[in-house]
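Only heavy atoms go into these numbers, but all of them, side chains included; no hydrogens, no water, no symmetry mates.
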Amino acid sequence: MTTDTTREDLRSQRRAARRAESQTAILDAAERVFSEDGLRTGSLRRIADLSGYSTAAIYKFFDSKQHLVAETLNRRGDEYLGELRQAADAAGSALERLHHVVDAAAAFFGARGYFRSLLRQMQGGSVIVGPVLDAFADDVYGRYAQAMALMTRLIREGQEAGEIRDADPGALAHLASVLTNEYALGDVALAPSEFHAVFDGALRAPATGGGTD
């Protein structure tokens, strides 16, 4: 038997689902507009046209243009951090898992061309979720810190195994992040295996074995 409470719960669920669909449509349109027209000049009017909602309707979901920018960045930041975590938790040595992180980053941005273009426009291929975005998303730095902590953990594991060179783990993690971002966001004409070799050259511990005369 369906009670009044059950019916109200179902209505609430349907409303929430419709709201989520509307927000997704608006965020997709915003990502494209900000990518093509820039953060400053990208207009809510064009976002409204592409999303199928009026400008007034957009303000029902987002308080301001800056709020819309922040949520556009936050959405992908959350998704990206999830991809990094999954890659870092895969099987293999620390350096192999760092390869997985590189490949995950390349696949993520390869599948999200507008977002990739937006980030390239903002900082020419700088850190993906770093302080450069802080003016637009209050908690972006927190995501960046989590991503760097993940990279640093892998670097430490590789150092303990003798696989990665001795140096400050945070500094090596920053280097790995820069290389990853250049590959994922830039137009680097290298196959994955070729880039892995470049990546390894920066991080791998030097061979210690010596020969005889």
Side-chain angles (χ1 to χ4, degrees), residues 10-87 101-148 177-190:
L10 291 172
R11 284 194 291 269
S12 295
Q13 291 172 11
R14 286 195 291 269
R15 284 194 297 270
R18 287 195 296 271
R19 182 177 181 84
E21 289 174 2
S22 299
Q23 287 177 316
T24 297
I26 293 168
L27 289 170
D28 286 346
E31 187 172 284
R32 175 178 174 180
V33 170
F34 293 141
S35 167
E36 294 179 344
D37 301 342
L39 287 170
R40 292 185 181 276
T41 58
S43 70
L44 291 179
R45 183 181 298 277
R46 184 167 180 236
I47 293 170
D49 289 343
L50 287 175
S51 66
Y53 293 87
S54 67
T55 303
I58 291 176
Y59 279 113
K60 292 181 180 179
F61 298 98
F62 304 97
D63 298 334
S64 62
K65 180 180 175 180
Q66 181 162 326
H67 183 208
L68 179 56
V69 170
E71 290 306 310
T72 300
L73 299 173
N74 287 340
R75 175 179 67 154
R76 296 304 189 199
D78 287 336
E79 293 174 356
Y80 182 63
L81 190 55
E83 293 290 329
L84 291 187
R85 286 174 175 152
Q86 184 175 350
V101 168
V102 169
D103 295 342
F108 182 89
F109 289 103
R112 295 163 180 82
Y114 290 128
F115 190 60
R116 176 175 178 265
S117 177
L118 172 58
L119 293 182
R120 290 179 64 187
Q121 168 208 147
M122 291 176 68
Q123 193 66 4
S126 186
V127 176
I128 293 169
V129 282
V132 66
L133 308 185
D134 201 40
F136 305 103
D138 291 340
D139 57 346
V140 145
Y141 189 77
R143 290 188 185 84
Y144 171 63
Q146 291 179 62
M148 290 306 297
S177 176
V178 170
L179 290 172
T180 300
N181 296 337
E182 287 296 323
Y183 182 60
L185 293 177
D187 295 316
V188 179
L190 292 175

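- Checked against side chain to side chain donor-acceptor pair (under 3.5 Å), D187 has the following partners two or more places apart in sequence or in another chain: R116, R120.
- Screening T180, L179, N181 for a side chain to side chain contact (heavy atoms under 4.5 Å, CB included) with V102, the sole residue that qualifies is T180.
- Within a 6.0 Å radius of CZ in R19, other residues, nucleotides and ligands contribute more than 12 heavy atoms.
- By the 30° and 60° cut-offs, the orientation of the rings of F61 relative to Y53 is perpendicular.
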*From CA spacing to verdict: ring pair (Phe, Tyr, Trp, His ring centres under 6.0 Å), F115, Y80*: CA-CA 11 Å; F115 190 60; Y80 182 63; 8.4 Å; no
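- Judged by the 6.0 Å distance and 45° axis criteria, R112 is not positioned over the aromatic ring of Y114.
- Shown here is E36, whose CD atom has more than 12 heavy atoms of other residues, nucleotides or ligands within 6.0 Å.
- In this structure, L118 CG and L39 CG are separated by 5.5 Å, a value rounded to the nearest 0.5 Å.
- The shortest side-chain heavy-atom distance between R45 and D49 falls under the 4.5 Å cut-off.
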*Which is it for R18 and E21 under the salt bridge (charged side-chain N to carboxylate O under 4.0 Å, His left out) test, yes or no, and what are the steps along the way?*
CA-CA 5 Å; R18 287 195 296 271; E21 289 174 2; over 6 Å; no
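- The NZ atom of K65 lies 11.5 Å from the CD1 atom of I58; values are rounded to the nearest 0.5 Å.
- A salt bridge (Lys or Arg N to Asp or Glu O under 4.0 Å) with R76 is found for one member of E31, E83, E71 and no other, namely E31.
- L68 pairs in a side chain to side chain contact (heavy atoms under 4.5 Å, CB included) with only one of the listed residues (D63, V33, I26), which is I26.
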